[in-house]
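Structure first, then comments.
Computed from a prediction, not measured in an experiment: that's the story for all the values here.
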Amino acid sequence: MYGLIRWKFEIISQLVGISETIRSMLIFFELKLINLMSKLFINDVHAPYAAPQEQPSPKPLPKSPFSKNRSLFLVLSRKMSTHITTNNLNAASLVKDPDPAFNEWLAGLIDGDGFFTINKRKKNARFEITMDARDKDVLKLLRSKYRGIIREISNGRAVKYKLKNEYGLRSLLEDINGLVKNPTRLLQMSKICQKFGMELKYSNKIKYYSGWFSGFIDSDGSIYYKESPLQVFISITQKNKFLLDLLAQTYGGRVDVCTSKQEAFQYSIYRKKEFVKLIDEYFSKYPLKTAKMKRVNLIKQFYLVKLSDKNTKDLAENINEWAKFKDKWDNFRD
């Protein structure tokens, strides 16, 4: 039997190709199975038109295990040709795990440096985001949740995540729909939502206790200190002032025009009181997922070891502590 099947496979594959041969052989096996299982339903093998004779009744054949529920056989035969489709595999591979804080964080991340577009020639949609190489684990998190690919760019100094799979894109849009606040990002999303037949939802104002702010800092924020005067900052730069004004209203800080040649606005937090409140009340609940969190954890220590004219009693020890702190800060270690 095996040799006959193999012979048929080789002959057919030469005529119609491997993929068509495999499909034909699956149909062949399915028909064989249907024929075999249908025989199990027969409870009497005697011909109905045989001449009546006086003879002992034949022993009845054992009943088929499917005789009580013959619809089971039909269900099995239908499922044989439908459960291995590519679409079902892709959809099943995306495990949905509703997490409001994660979705808020993701919306903030995308509002910062995310990018949605539709290829004009191929008409396929895609999402991209680029981050520093030290934050590759963040992009791996997105890949594990939505699939997609990650590749290094700029000689390994940065990494780009790209998502083109329709099922992954749909899942991503579902998770952030109604949470995105950047007008530019909303315009990009609207085109893809229209393509997929999805309704674009708009976000409410920024809430203090929301993962969106931590995602926005992870994507577009900077945490640094200046030596003159010695002061630490969290800043976010945007060409549109709209989001920055909302941040100042919610978390404190101020919005200024960038002093550099860059035509943009900058939101900054720099007061010690505002930092302490953010660290104790906000970042403890919504921590950053990038290496920038290492610097957030060092901010309180910054105020303890920073050099000043008032700390002259143990100047040598203070310089040593500052050197240790600076090494941690520069290398993103807490």
> Looking at residues at least two apart in the chain, or sitting in another chain, which of them share a side-chain contact (heavy atoms from CB on, under 4.5 Å) with Asp113?
Replying inline: Ile129, Ser219, Asp220
> Residues two or more places apart in sequence or in another chain: which of them pass side-chain contact (heavy atoms from CB on, under 4.5 Å) with Leu187?
Replying inline: none
> If you count the non-hydrogen atoms of other residues, nucleotides and ligands that lie under 6.0 Å from NZ in Lys201, is the total more than 12?
Replying inline: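 No.
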> Does atom OH of Tyr208 have more than 12 heavy-atom neighbours from other groups under 6.0 Å away?
Replying inline: yes
Look at the side-chain heavy atoms of Ile, Leu, Val, Met, Phe, Trp and Tyr, link any pair under 4.5 Å apart, and say whether [X] and [Y] land in one connected group.
X	Y	answer
Tyr251	Tyr270	no
Leu142	Ile150	yes
Tyr303	Leu298	yes
Val138	Phe127	yes
Phe283	Val276	no

> Restricting to pairs with a member in residues 239-258, which pass salt bridge (Lys or Arg N to Asp or Glu O under 4.0 Å), not counting sequence neighbours?
Replying inline: Lys241-Asp245, Arg254-Asp256
>> Under the salt bridge (Lys or Arg N to Asp or Glu O under 4.0 Å) definition, can you give me all pairs with a residue in residues 151-169, not counting sequence neighbours?
In response: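 Listed once each, the pairs are Glu128-Lys160, Glu128-Lys162, Glu166-Arg170.
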> Checking side chain to side chain donor-acceptor pair (under 3.5 Å) for the pair Asp175/Tyr146: CA distance, chi angles, key distance, verdict?
Replying inline: CA-CA 11 Å; Asp175 285 346; Tyr146 305 107; 2.6 Å; yes
Please confirm whether the backbone N or O of [Y] pairs with a side-chain atom of [X], one donor and one acceptor, at under 3.5 Å?
X	Y	result
Thr250	Leu247	no
Asp111	Lys181	yes
Glu104	Trp212	no
Arg295	Ile223	yes

Partner residues of [X] under the ring pair (Phe, Tyr, Trp, His ring centres under 6.0 Å) criterion, sequence neighbours left out:
X	value
Phe233	Tyr224
Tyr209	none
Tyr286	Tyr282

> Taking the side chain as C-beta and beyond, is there a heavy-atom pair between Asp327 and Asn331 under 4.5 Å?
Replying inline: yes
>> Less than 4.5 Å apart, side chain to side chain, heavy atoms only: is that true for Leu243 and Tyr267?
In response: no
Determine the minimum heavy-atom distance between [X] and [Y], stating which atoms define it.
X	Y	answer
Ile236	Ile217	CD1-CG1, 4.1 Å
Arg134	Ala291	CD-CB, 3.6 Å
Lys195	Ile118	CD-CD1, 4.1 Å

> Just by distance, with hydrogens left out, do Asp99 and Asn103 show a side-chain donor and acceptor under 3.5 Å apart?
Replying inline: no
>> For Arg143, give me all partners under side chain to side chain donor-acceptor pair (under 3.5 Å), at least two apart in sequence or on another chain.
In response: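 If we apply the side chain to side chain donor-acceptor pair (under 3.5 Å) test to Arg143, skipping adjacent residues, there are no hits.
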> Of all residues at least two apart in sequence or in a different chain, which pass the side chain to side chain donor-acceptor pair (under 3.5 Å) check with Lys289?
Replying inline: none
> Any ring pair (Phe, Tyr, Trp, His ring centres under 6.0 Å) pairs touching residues 171-201, not counting sequence neighbours?
Replying inline: none
> What residues form a salt bridge (charged side-chain N to carboxylate O under 4.0 Å, His left out) with Arg185, not counting sequence neighbours?
Replying inline: none
>> Once salt bridge (charged side-chain N to carboxylate O under 4.0 Å, His left out) is applied, do any residues pair with Arg271, and if so which ones, sequence neighbours excluded?
In response: Glu274
> Should Asp135 and Lys140 count as an ion pair when the cut-off is N to O under 4.0 Å?
Replying inline: no
